[in-house]
Colleague: 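If you scroll down you'll find the structure; I have some questions about it.
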Amino acid sequence: MPRDTNRTGSPWQGMGAVAIKELSDHLSSSRMRVLEWLVVLTAAASLYGAVRSASGGSGSDPFVFLRLFTNAQPPLPSFAALLGFLIPLVAIGLGFDAVNGEYSRRTMSRILSQPLYRDALLCGKFLAGLATLGICLVALWLLVIGLGLVALGVPPGGEEIARSLVFLLLALAYAGVWLAIAMLFSIVFRSAATSALVTLGLWLFFALLWPMLAPALAQVIAPPDPLAQAFGQPTLQTMQWEQWLGRLSPAQLFNEAVIAILSPATRALGPVFLSQLEGALVGTPLPLTQSLALIWPQATGLLAGVILLFAIGYIAFQRQEVRALRHGCQ
């Protein structure tokens with residue numbers, strides 16, 4: 001069977017219908033409800049501790065609302081750190097069977113027999129998953145703002161709202177990376193269980209193992225100076241390699257961007273020389289524009305990861321489906 005040699009109309013025709021149908025399935029599925037309750041309950045516990053610690057200094061802190069995202073009450077992490085852990089789970093839960101699930105239900109050939117191109121099918125599924133994640137994140141963001149209004153008794157400032165919205169966009173981009181990874185593996189592997197295990201394994205590798213492997217690899221690539229090593233101090237080149245290798249992880253990019261945007265006093269995300277601190281007012285909050293300039297590489301890296309991973313999955317799906325249609329016709 002030729003590969004769409006007689007295409008008529010737009011390749012995106014029907015993408016909206018696919019996105020609406022998939023969005024409805026996601027929001028009404030029992031899997032999504034379990035994930036939602038998991039996120040809401042753990043986030044509520046984290047927010048409870050953050051409210052208790054933030055309410056004590058609400059009178060003097062100009063960014064008290066941002067403390068709701070960053071304050072931690074042991075043994076629970078902060079709300080932002082908790083989202084960095086839970087967002088990949090929700091994204092993987094939405095995307096690990098996005099494509100191979102159609103094969104297992106024997107509905108792929110039926111769907112593609114309609115006036116619907118593979119372009120519209122894959123993009124519609126991705127947009128539906130991203131919209132579902134966006135709805136969940138917006139609901140959590142409104143929960144934080146509402147709880148802060150009730151508990152603190154003061155409204156958030158304009159810059160606090162702007163910074164929290166940037167945090168919301170960063171979380172959505174981070175979720176998009178893991179959704180694209182999950183959909184890529186759902187294209188590569190015909191078994192949904194295999195794609196789920198591989199995606200979860202990759203997530204655990206970047207979340208737990210890579211932070212330990214990056215410093216070791218950095219010392220192999222750029223061995224520290226023996227004199228500095230004797231005093232337990234790494235060299236600048238080793239620290240730079242460690243930072244560059246660490247940023248191969250989406251979690252590292254997300255965590256660095258969150259630190260800079262939710263903690264306005266953050267002035268650097270890497271090694272800082274004493275000469276760079278001359279004339280700087282340490283502890284003075286940065287304007288929002290300077291914080292955005294500081295996180296621009298991390299935000300660009302997350303967006304580039306979404307585009308690259310989705311493009312790889314798109315190419316793999318185009319080639320794979322052509323072979324499947326040929327086998328089906330034989």
Side-chain angles (χ1 to χ4, degrees), residues 1-36 87 90-139 168-169 171-192 195-196 199 303 305-329:
M1 183 175 179
R3 184 191 178 192
D4 297 339
T5 54
N6 297 321
R7 278 195 173 195
T8 58
S10 172
W12 312 112
Q13 180 181 356
M15 183 177 66
V18 173
I20 293 174
K21 188 262 182 188
E22 291 290 328
L23 179 61
S24 176
D25 291 344
H26 287 325
L27 295 178
S28 60
S29 65
S30 57
R31 179 200 309 172
M32 191 62 197
R33 290 173 184 174
V34 171
L35 292 173
E36 287 173 352
I87 283 175
V90 180
I92 293 170
L94 290 175
F96 76 93
D97 62 345
V99 175
N100 52 26
E102 302 290 350
Y103 287 109
S104 63
R105 293 188 295 268
R106 301 183 182 276
T107 55
M108 181 64 77
S109 59
R110 190 182 309 170
I111 292 173
L112 294 179
S113 65
Q114 307 297 320
L116 180 71
Y117 292 116
R118 297 184 294 275
D119 316 67
L121 178 63
L122 190 64
C123 290
K125 285 180 173 290
F126 181 77
L127 291 177
L130 204 60
T132 305
L133 292 166
I135 292 172
C136 296
L137 291 173
V138 169
L168 187 63
L169 294 176
L172 186 60
Y174 179 55
V177 171
W178 287 105
L179 179 63
I181 292 175
M183 290 188 64
L184 172 62
F185 287 132
S186 77
I187 295 169
V188 174
F189 301 104
R190 288 297 180 92
S191 172
S195 63
T199 312
L303 290 176
V306 175
I307 296 171
L308 178 62
L309 290 167
F310 180 77
I312 295 173
Y314 176 84
I315 295 172
F317 182 56
Q318 292 281 35
R319 295 181 176 180
Q320 182 187 53
E321 184 55 30
V322 169
R323 292 195 296 269
L325 284 175
R326 286 176 177 173
H327 294 322
C329 292

Colleague: Which distance, rounded to the nearest 0.5 Å, do you find between the CG of L130 and the CG of L172?
Modeller: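 One finds 4.5 Å between CG of L130 and CG of L172.
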Colleague: Write down the atom of V177, the atom of G305, and the distance for their closest heavy-atom approach.
Modeller: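 V177 and G305 have their closest heavy atoms at CG2-C, 4.4 Å.
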Colleague: Distance from Q318 atom CD to I187 atom CD1, nearest 0.5 Å?
Modeller: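 Taking CD in Q318 and CD1 in I187, the distance rounds to 9.5 Å.
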Colleague: Compute the centroid of each ring, for F96 and then for F185, and state whether the two points are separated by less than 6.0 Å.
Modeller: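 Here the rings of F185 and F96 have centres that are no less than 6.0 Å from each other.
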Colleague: Tell me the closest heavy-atom pair linking A91 and A175, and the distance in Å.
Modeller: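 Between these two residues, the closest heavy atoms are CB-O, 3.6 Å.
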Colleague: Less than 4.5 Å apart, any side-chain heavy atom of L121 and any of F317?
Modeller: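 Sidechains of F317 and L121: in contact.
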Colleague: Roughly how far, to the nearest 0.5 Å, is CD1 of I307 from CD1 of I312?
Modeller: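 Reported to 0.5 Å precision, the distance equals 12.0 Å.
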Colleague: Tell me whether the count of non-hydrogen atoms from other residues, nucleotides or ligands lying under 6.0 Å of CZ in R106 goes above 12.
Modeller: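 No, because the 6.0 Å sphere around CZ of R106 holds 12 heavy atoms or fewer from other groups.
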Colleague: Shortest non-hydrogen contact from M15 to C123?
Modeller: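 Taking every non-hydrogen atom into account, SD-CB, 3.5 Å.
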Colleague: Checking S29 side chain against M32 main chain: does a donor-acceptor pair fall under 3.5 Å?
Modeller: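 Between the backbone of M32 and the side chain of S29 there is a qualifying donor-acceptor contact (under 3.5 Å).
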Colleague: If I take atom OH from residue Y314 and atom CZ from residue R118, how far apart are they, to the nearest 0.5 angstrom?
Modeller: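 Answer rounded to 0.5 Å: 8.0 Å.
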Colleague: Decide whether S191 and N100 meet the rule of one side-chain donor and one side-chain acceptor closer than 3.5 Å.
Modeller: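 The answer is no; no qualifying pair exists.
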Colleague: Could you tell me the separation between the OG1 atom of T132 and the CG atom of L94, rounded to the nearest 0.5 Å?
Modeller: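 One finds 5.5 Å between OG1 of T132 and CG of L94.
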Colleague: Salt bridge or not for R31 and D97, using N-O below 4.0 Å?
Modeller: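 Yes, R31 and D97 are salt-bridged.
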Colleague: Apply the side chain to side chain contact (heavy atoms under 4.5 Å, CB included) test between I92 and each candidate in L35, T199, L179; give the one that qualifies.
Modeller: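 Output: one option passes, namely T199.
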Colleague: How far apart are the C-alpha atoms of M183 and L309, what are their side-chain angles, what is the distance that settles it, and do they pass the side chain to side chain contact (heavy atoms under 4.5 Å, CB included) test?
Modeller: CA-CA 9 Å; M183 290 188 64; L309 290 167; over 6 Å; no
Colleague: For the NZ atom of K125 and the NE2 atom of H26, what is their distance to the nearest 0.5 Å?
Modeller: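 If I round to the nearest 0.5 Å, the distance is 7.0 Å.
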Colleague: What closest approach, in Å, do L23 and A131 show between heavy atoms, and which atom pair accounts for it?
Modeller: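 Closest approach of L23 to A131: CD1-CB, 4.2 Å.
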Colleague: When you measure from the side chain of S195 to the backbone N and O of A192, does any donor-acceptor pair fall under 3.5 Å?
Modeller: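 At least one qualifying donor-acceptor pair exists.
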Colleague: Measure across F126 and V306 and return the closest heavy-atom pair with its distance rounded to 0.1 Å.
Modeller: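 In terms of heavy atoms, the two residues are closest at CZ-CG1, 3.8 Å.
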Colleague: Show your reasoning for whether side chain to side chain contact (heavy atoms under 4.5 Å, CB included) applies to V18 and L122.
Modeller: CA-CA 9 Å; V18 173; L122 190 64; over 6 Å; no
